[in-house]
Amino acid sequence: MLTPDRISLNTATVKAQWNLQQCIDGCLRHGFGGISPWRDVLQAAGVEAGAKAIRASGLRVSGLCRGGWYTAEGALTQAVLDDNFRAVDEAAAIGAECLVMVVGGLPAGSRDLPGARAIVEEGLARTLDYARTAAVKIAIEPLHPMYAADRAVVSTTAQALDICDQLGAGIGVALDVYHIWWDPEILAQIKRAGRERLLAFHLCDWLNPTRDLLTDRGMMGDGVIDIPALRRAVEAEGFTGLNEVEIFSAENWWKREGDAVLAEILQRGQSCC
Ligand code: ZN
């Protein structure tokens, strides 16, 4: 059972309904413990003004979504790095507990998966160097392998932790139940990660059937993921971050009134998590 103060709202969950200020106000109305904005939502509010509003709210900031996309230009360009450095600055400005990284898929027209992974590892290393100077933690989010072509060539928690082990301190993983639930190694890898590397924990559910690979995530309890088992595993390692609810749902939750969505999240936190 999750009490409201243990829950964070990822702004993507109400991205069709609310801007940043509305998300902040909604979190406060419903007693959520934190918020995790997407960069476009933060930038739409103005980074400085948005940061001020978040800090004034007293909400924890479980993350900033997202940096990465290192492969977007086919090679690790200065433009891509600069955008990641800006993301680090934004994470620092809002006091985010981590900057979540969706690392990027295969470059357009490429079949060179090892090459793409090399670009990603170099990009993460360069971003981490910068993030350390700003005291921002970098969280690699391994994505379900169905996104390897278009979003993330880091597909498993083991692969993400291998990168962390190469790079040292200040980097860890953002574990999203949507991406990790199927992995036969997941419990062992959560143990391996330990408290130092477990930087974020994202909640939603896997609907069966799933109608869209990106925008048909389920509310906790509506799908097949054993969320309590995964939550127990991260908490057994000492994870004290918030349970961040991130639901992309074009045909269902994005069509409902924002307050109704947040009320349902609280209900499901009590009954399904
Ligand atoms: Zn996520």
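Bear in mind the structure is a predicted one, so any value in this text is a computation, not a measurement. Start at 1 and go down the list; that is how both ligands and their atoms are numbered. Numbering of residues begins at 1 and proceeds along the displayed sequence.
Taken together through direct or relayed side-chain contacts under 4.5 Å among Ile, Leu, Val, Met, Phe, Trp and Tyr, Leu230 and Met220 form part of one hydrophobic cluster.
Side-chain polar atoms of Thr127 and Tyr70 form a donor-acceptor pair below 3.5 angstrom. Checking Glu244 against Ser36 by side-chain atom types alone, a donor-acceptor pair falls below 3.5 Å.
Ring geometry for His144 versus Trp206: interplanar angle under 30°, hence parallel rather than tilted (30 to 60°).
Distances shorter than 2.8 Å separate the Zn ion (ligand 1) from the protein N/O/S atoms Glu141 OE2, Asp176 OD2, His202 ND1, Glu246 OE1.
A cation-pi contact links Arg217 to Tyr178, judged by a cut-off of 6.0 Å to the six-membered ring centre and 45° from its axis.
No more than 12 heavy atoms of other residues, nucleotides or ligands sit less than 6.0 Å from atom CD of Glu196.
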